[in-house]
Every structure is written in structure tokens, then in C-alpha cells.
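One structure is given below, encoded as C-alpha cells.
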There are 2 protein chains.
Amino acid sequence: MEGRISADLLRGHTDTIVLGILMKNDAYGYQIYKSIMDRTDGLYQLKEATLYSSYKRLEKEACIVAYWGDESQGGRRKYYRITDKGRIQYKQNIADWEFTQRILNRLLKEEID
Amino acid sequence: MEGRISADLLRGHTDTIVLGILMKNDAYGYQIYKSIMDRTDGLYQLKEATLYSSYKRLEKEACIVAYWGDESQGGRRKYYRITDKGRIQYKQNIADWEFTQRILNRLLKEEID
DNA sequence: ATAAAATACTATGACAGACAAAGTAATTAT
DNA sequence: ATAATTACTTTGTCTGTCATAGTATTTTAT
């Protein structure tokens, strides 16, 4: 792995990552983006466009709601807040992820020994 | 997770699973399919068409080679054999997968506590 | 013996998530 | 004053998986 995680291995995790961040606090789009970059030391080079479509999807599914921040001082910031449905979805996604990991480890690792 | 792993969480793992099976022995297409179904108790409901495109891809990348089995008794069976390049690729994929797991756990799990 | 089911391979088109590339506009740093 | 960063958005492309379908042989059930 030369400094970059393949998109296919990440596919399907974006929404969960976003929900996870919003579980703590509301956040605006670019803040979420930066947060992911920082916390993975830039190894997870998720693109802004990818996050943007995630926000769209999550809003459509009523897992998050958006609102504009106070624009009186500084540039516009679109904040996102997780909903109750979003919290349930997040927990489900984590459970799915752990389950998938077990299955994949069964398939991928048993050949090594 | 109601009896089925989401396609998006599996994406990108198919080639590695196929290579892993071929690391042990040569195998034919349908055998690989059945093997995956059996070993995951049907939870990983990978489709034949998905495997078929994986074989195509792996052949094109010279990670596997195909040959027809002895058709004198019984129906036709197309066998696949892993190449040296395929073995290297397999190890690389496993390393990538483990690395990705670490990063994802960092992102997905730290919110739970 | 015949029908049904399983084995075994293949092809085509659609879908969806991620990406590349680009753009707009305000703010902050040099 | 200029460049860099912040911040949001759009459009089109790529690719792995799936849905669906088909062909042909072999095995199992009736």
C-alpha cells in the first residue's frame, strides 16, 4: 500500500464515517473533510466530491439534516446534524462492518497459515 | 445485517478471495463459487457473474491462467491456476486489506466509547 | 424412462459509489 | 496585491457488482 487506500476497499464506508463524526457534534462539510484527512494522516484520501454525494444521500434518507451557519461574520458554512434515524443507522452500519470483517477474515486469512 | 452482506462492503475483495483459493490448489469456476458459498454459510451471496468478471480481470492482469480440464468423462470444466505474479498480488492485497482495516477502525470505532 | 434439479460456463446491460476536473466566492497569509 | 486556503458545488467518467438471461451437460427424483 503506497500511501493511498484503494477506493474499492473503502466503498460503502463513507456514510458511516460521516455519521460517526456527527454522532459527537454537528459539523460543516469542509470540517468533516479536514477531520478525516487529519485523523488518517492523509492516507484515506477521500475526495470532497465523494463526501458531497454522501451528504446528499444521507439527507435524502433523513439520516442527517442541514442548516446554514451564522453567516454574519465569515464565509458561509453548511452544517449537518445527525437525526435519530441517523443514529440508528450508524449503529447498524457498525454492526454490519464488524460482521463483514469476520466473514472476510474467514475467507481471506485462512489460506495464509 | 439480515442474512446478506452489502455489495459495497465487499467491493474490491473478490479478486483477493479468488487468489486465496487458488493459492492452495487449482480450481474451476463453479468450484470456487461453491467453495465461497459453503465457507460463508451463504452469507456472502456473491454472484457467479461477479466471479466471472473477476476471472477475466485476473487473467488479463496475468495473475491467473486458465486451462480446460479433461472433458472425456463429464462436462467441461475450466480450471484456473495462480501465477507468480498472482501470488505476489495476493500478498499485497492482504497487506492492503489489513492496513485498510486499521484505518477504518480508527475512523469508525473511536466514536463509540 | 422421464422430468426436474443441479452442475458448469458465458453474455449483456444497468446501477451506484467514488473519482477527476472544474468552477465560484470569500477569507487569510505573505 | 497576490497567493493560498477555506468552503461549497457541479458534471461527467470509471468500474465492480448485480440482475437477468441463456446454453448444455450431468445427476437426482419420481
Side-chain angles (χ1 to χ4, degrees), chain A residues 4-19 26-38 42 44-61 63-64 66-80 93 96-97 100 104, chain B residues 4-19 26-38 42 44-61 63-64 66-80 93 96-97 100 104:
Chain A
R4 180 83 172 81
I5 300 181
S6 117
D8 284 326
L9 296 183
L10 298 171
R11 189 155 171 139
H13 294 293
T14 308
D15 292 2
T16 311
I17 290 165
V18 169
L19 289 176
D26 292 7
Y28 57 92
Y30 194 71
Q31 183 183 11
I32 293 170
Y33 171 69
K34 281 292 174 188
S35 166
I36 294 169
M37 291 301 105
D38 290 351
Y44 186 169
Q45 287 171 12
L46 185 74
K47 294 303 175 301
E48 278 191 86
T50 304
L51 278 174
Y52 182 72
S53 52
S54 174
Y55 302 149
K56 277 273 190 85
R57 199 163 43 238
L58 288 168
E59 267 197 282
K60 204 169 161 188
E61 295 164 355
C63 288
I64 63 174
Y67 59 94
W68 287 102
D70 180 8
E71 297 169 49
S72 55
Q73 86 293 13
R76 62 178 183 167
R77 285 174 172 175
K78 194 175 190 177
Y79 283 84
Y80 296 99
N93 289 2
D96 288 357
W97 157 237
T100 303
L104 280 175
Chain B
R4 180 83 172 80
I5 300 182
S6 121
D8 284 329
L9 295 184
L10 298 171
R11 191 158 169 137
H13 294 294
T14 307
D15 292 2
T16 311
I17 290 164
V18 169
L19 289 176
D26 292 6
Y28 57 92
Y30 194 70
Q31 183 184 11
I32 292 169
Y33 172 69
K34 281 292 173 190
S35 165
I36 293 169
M37 290 303 104
D38 290 351
Y44 186 169
Q45 288 171 8
L46 186 73
K47 295 304 176 301
E48 277 191 86
T50 305
L51 278 175
Y52 181 73
S53 52
S54 174
Y55 302 149
K56 276 274 190 83
R57 199 162 43 240
L58 288 169
E59 266 197 281
K60 204 170 161 188
E61 294 165 354
C63 287
I64 62 174
Y67 59 95
W68 287 101
D70 180 8
E71 298 168 51
S72 55
Q73 85 294 17
R76 61 178 185 169
R77 285 175 172 174
K78 194 174 189 177
Y79 284 84
Y80 295 99
N93 288 3
D96 289 357
W97 157 237
T100 303
L104 280 175

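Order of the sequence lines sets the chain letters (A, B, ...), proteins ahead of strands, with each chain counted from 1. Please read all numbers here as calculations on a predicted model, not as lab measurements.
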Is B/K47 reaching over with its side chain to a backbone N or O of B/Q45, donor-acceptor style, under 3.5 angstrom? yes

Remember a base hit wins even if backbone is also touched, and classify B/S53 as base, sugar-phosphate or nothing at under 4.0 Å, heavy atoms. base

Separation of A/L10 atom CG from C/dA16 atom P, in whole Å? 20 Å

Separation of atom OH in B/Y30 from atom P in D/dT26, rounded to whole Å: 15 Å

Atom-pair distance (CE on A/M37; C1' on D/dT6), nearest Å: 15 Å

Nearest-nucleotide check on DNA chain D, B/D15 vs A/G29; residue mapping nearer the 5' end is A/G29

In terms of the angle between their ring planes, are A/Y79 and A/Y67 parallel, tilted or perpendicular, with boundaries placed at 30° and 60°? parallel

Side chain of A/K56: nearest nucleotide among D/dT10, C/dG17, D/dT17? D/dT10

side-chain N/O A/Y33 vs D/dA7 OP1/OP2, d < 4.0 Å: no

Taking B/Y33 for its side chain and B/L51 for its backbone only, find out whether a donor-acceptor pair lies under 3.5 Å. no

Is the shortest side-chain N/O distance from A/K78 to OP1 or OP2 of D/dT9 below 4.0 Å? yes

Heavy atoms, side chains only, cut-off 4.5 Å: are B/R11 and A/L10 in contact? no

C/dA18 P sits how many Å from A/Y55 OH, rounded? 12 Å

Side chain of A/T14 only, heavy atoms from C-beta on: which candidate in D/dC8, C/dA18, C/dC9 is closest? C/dA18

Given the structure, check if the side chain of B/R11 and the base of D/dT15 hold any donor-acceptor pair shorter than 3.5 Å. yes

Mind checking B/A49 for me? I need base, sugar-phosphate or nothing, with any heavy atom below 4.0 Å counting as a touch. base

Tell me: NZ of B/K47 to C1' of D/dT15, nearest whole Å? 18 Å

Taking only side-chain nitrogens and oxygens of B/R77, does any of them come within less than 4.0 Å of OP1 or OP2 of C/dC9? no

Of the listed C/dC19, D/dT10, D/dT20, the closest approach to the A/L46 side chain comes from C/dC19

B/Y28 atom OH is separated from D/dT26 atom P, nearest whole Å, by 13 Å

Gap between atoms CG and P, on B/D8 and D/dT17 respectively (whole Å): 10 Å

Proximity to the side chain of A/W68 - top-ranked nucleotide from D/dC8, C/dA11, C/dA18: D/dC8

Heavy atoms of B/G12 and A/L9 approach each other most closely as O-CD2, 4.0 Å

Can you tell me how far C1' of D/dT23 sits from CD of B/E48, to the nearest Å? 13 Å

Short side-chain N/O contact from B/T50 to OP1 or OP2 of D/dC18, under 4.0 Å: yes

